[in-house]
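Taking it in order: structure first as structure tokens, then the write-up.
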Amino acid sequence: MKLMVIGGGGREHAIIRKLKENPAVTEIFALPGNGGIAADATCVPIGAKDIAGAVDFARREEIDFAVVAPDDPLVLGMVDALEEAGVPCFGPRADAAVIEGSKAFSKNLMKKYGIPTAACEIFDDMDAALAYVRTQTPPIVVKADGLALGKGVVIAETVAEAENAVRAMMGEHIFGESGSRVVIEEYLTGPEVTVLSFTDGKTLVPMVASMDHKRALDGDRGLNTGGMGVIAPNPYYTPEIARQCMETIFLPTMHAMNAEGRPFRGCLYFGLMLTPHGPRVIEYNCRFGDPETQAVLPLLESDLLTVMQAVRNGRLDEIDVRFSDAASCCVIVASGGYPAKYEKGFPITGLEQVSGACVSVAGAALQDGRLVTSGGRVLGVTAVADTLREAVALAYKNVEQIRFEGCFWRHDIGKRALEA
Ligand code: AMP
Ligand code: GLY
């Protein structure tokens, strides 16, 4: 079978590595992939948002199955276009990907179907938003409606800061069109949990729950990033909470999307907060999380391609999706300065010393046969072990082997989980 995976980050590398375990897979193309993915797939210089390019390529190469991993092409309708061209795909169609593409859509969905989330108001008018903010007690959560590279959320400690966020999004359009509508919501507290799930719209199978570490620096300080490390399973996510989430959040969301005529097939991502009043949805994503996928997929014992095909064909109920009881830890190694300004082009050394762990490459390119940095999050090192403590130790032992100029990582991935 010839497969095609859209995207070029650590998540895509983890997906490709898992897909390769199936002996029926003869070739995997990554569009566009990256310098590290090139070791596991054939990289093709077609951008992840290039729908016409992907359709052309899939036809030309007679691709048997495609995985569209990133949010942008999903929201733009790449799955619709590929399916119409006769290429079976894993991933939601655009009408379902809107669950991530518009926060106003997802908040209204939750309101309409009684799915627990932070109370909120939605604004298209800046003056109305500003007036509302002035009636609120901080912290005030201000979110851009559309996709904003994970940067569209401001937790304002003062009313003035919230006003500035509204002006920046709605007046100065710092996130472009994504911010012409804003969501202002209640501030929630509690441990955060990510639950990725496979769903074909009829059956929903949650994967092992994980914990992302979003801030750039140790002790949850510094700027928000795309994620600096992940552990799984998440110790806060007890069987009782899992049961509650299935009953009040996961299945109701699947049914709500069906009732709206937007059946969701793919990986539905639940970003949850376990508040003192119960689990609440912080966000939905229409795709695998990154870096969560780098920690969660290594625990999957079932064949990923079989699961993805079952999701695509509406037959998820017919297969067994198994995860191991082991624990995993993924530590992201980033470029100095990330998530703000950073330099690129530094050679990466030490990858051959890595042992007992796997490396998913996110931001690196091949230059004269050498791997050099090309992004903020450069790579993720994932280790799996019987206990979380061992997984964390093994991941860090391997991170220590890897070097490039200015590299940095958090030293406390899994610390909070181990203390929990
Ligand atoms: P999001 O992009 O919606 O996942 O938000 C990014 C991060 O902001 C989340 O992971 C939370 O840590 C935080 N956050 C978002 N919404 C809220 C909220 N209503 N209350 C408290 N923290 C929030
Ligand atoms: N790690 C957060 C995300 O994938 O959105």
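Any value given below was found using the heavy atoms of this structure, including those in side chains, with hydrogens, waters and symmetry copies removed. Just so you know, ligand 1 is whichever comes first in the structure, and atom 1 is the first atom listed for that ligand.
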Next on the checklist: Going by ring pair (Phe, Tyr, Trp, His ring centres under 6.0 Å), name the residues that satisfy it together with F123, two or more places apart in sequence or in a different chain.
Outcome noted: Y132

Checklist entry - Any nitrogen or oxygen of L188, main chain or side chain, under 3.5 Å from a nitrogen or oxygen of ligand 1? => result yes

Checklist entry - Do K107 and T117 get their side chains close enough for a donor-acceptor pair, meaning under 3.5 Å? => result yes

Checklist outcome for this item: Less than 4.0 Å from some atom of ligand 2, heavy atoms are found in residues D212, G226, Y269, N285, R287, G289, D290, P291, E292

Checklist entry - If every non-hydrogen atom of C330 is compared with every non-hydrogen atom of P291, which pair is closest and at what distance? => result SG-CB, 4.3 Å

Next on the checklist: I'd like to know if K103 contacts ligand 1, where contact means a heavy-atom distance under 4.0 Å to any ligand atom.
Outcome noted: yes

Item to check | 4.5 Å side-chain heavy-atom contact, H255 and Y113 | outcome: no

Checklist entry - Taking only heavy atoms of E185, which atoms of ligand 1 are found under 4.0 Å from at least one of them? => result 16 (N), 17 (C), 18 (C), 19 (N)

Item to check | Approximate separation, where rounding is to 0.5 Å, of Q309 CD and F90 CZ | outcome: 11.5 Å

Checklist outcome for this item: With heavy atoms and a 4.0 Å threshold, my read on which part of I155 contacts ligand 1 is side chain

Next on the checklist: Taking distance alone, with N or O pairs closer than 3.5 Å, would you say Y187 contacts ligand 1?
Outcome noted: no

Checklist entry - What distance do T248 atom OG1 and R280 atom CZ have between them, rounded to the nearest 0.5 Å? => result 8.5 Å

Checklist outcome for this item: ligand 1 to E283, heavy atom cutoff 4.0 Å, flagged ligand atoms 1 (P), 2 (O), 3 (O), 4 (O)

Checklist entry - M4 versus I6: any side-chain heavy-atom pair under 4.5 Å? => result yes

Checklist entry - Does the gap between the ring centers of Y284 and F270 come in under 6.0 Å? => result yes

Checklist entry - Under the criterion salt bridge (Lys or Arg N to Asp or Glu O under 4.0 Å), which of K214, R410, R215, K415 is the partner of D220? => result R410

Next on the checklist: Just by distance, no angles: are the side chains of E292 and S210 close enough, under 3.5 Å, to form a donor-acceptor pair?
Outcome noted: no

Next on the checklist: What I want to know is whether K143 and ligand 1 share at least one N or O pair that is separated by under 3.5 angstrom.
Outcome noted: yes

Checklist outcome for this item: Counting from 1 in the order shown, the ligand 1 atoms closer than 4.0 Å to a non-hydrogen atom of K214 are 10 (O)

